[in-house]
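Below is one structure, written out as structure tokens; comments come after it.
Quantities reported herein were computed from a predicted structural model and do not represent experimental measurements. For this chain, numbers begin at 1 and follow the sequence in order.
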Amino acid sequence: MVTDSKNITQQLHSEIEQTPERYRALLLRLVHSFREGIEEDAPWPNAADSFREGWRDMKAGRTGTIDTLWDDINPDES
């Protein structure tokens, strides 16, 4: 997992280096706004909490079959 994170960081640095200098201020504002936006979101549940919630849904009958998974995903399209 550390390798993946390190690789992503290296890719980000590479992309920044490839961005023309005149656009870097805009890129910085985008990254800053993105970070602020995700910090405002409720924290994402960890795997154990997600499993427990799914297990409760399953026990309560709040599940559907796989063939209905995408039903009504685009209700406006025919």
Taking only distance into account, with no hydrogens and no angle test, what donor-acceptor pairs under 3.5 Å do side-chain atoms of residues 8-17 form with protein atoms, sequence neighbours excluded?
from, atom 1, to, atom 2, distance (Å)
Thr9, OG1, Ser5, O, 3.0
Ser14, OG, Gln18, NE2, 2.9

Atom pairs and distances, side-chain donor-acceptor, residues 60-71, under 3.5 Å, sequence neighbours left out:
from, atom 1, to, atom 2, distance (Å)
Arg62, NE, Asp57, OD1, 2.9
Arg62, NH2, Asp57, OD1, 2.8
Thr65, OG1, Asp67, OD1, 2.3
Thr68, OG1, Thr65, O, 2.8

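- Shown here are the side chain to side chain contact (heavy atoms under 4.5 Å, CB included) partners of Arg35, two or more places apart in sequence or in another chain: His32, Glu39.
- For Ala48, the side chain to side chain contact (heavy atoms under 4.5 Å, CB included) partners two or more places apart in sequence, or in a different chain, are Asn46, Arg52.
- For Phe34, the side chain to side chain contact (heavy atoms under 4.5 Å, CB included) criterion is met by Ile38, not counting sequence neighbours.
- For Arg56, the salt bridge (charged side-chain N to carboxylate O under 4.0 Å, His left out) test picks out no residue, with sequence neighbours left out.
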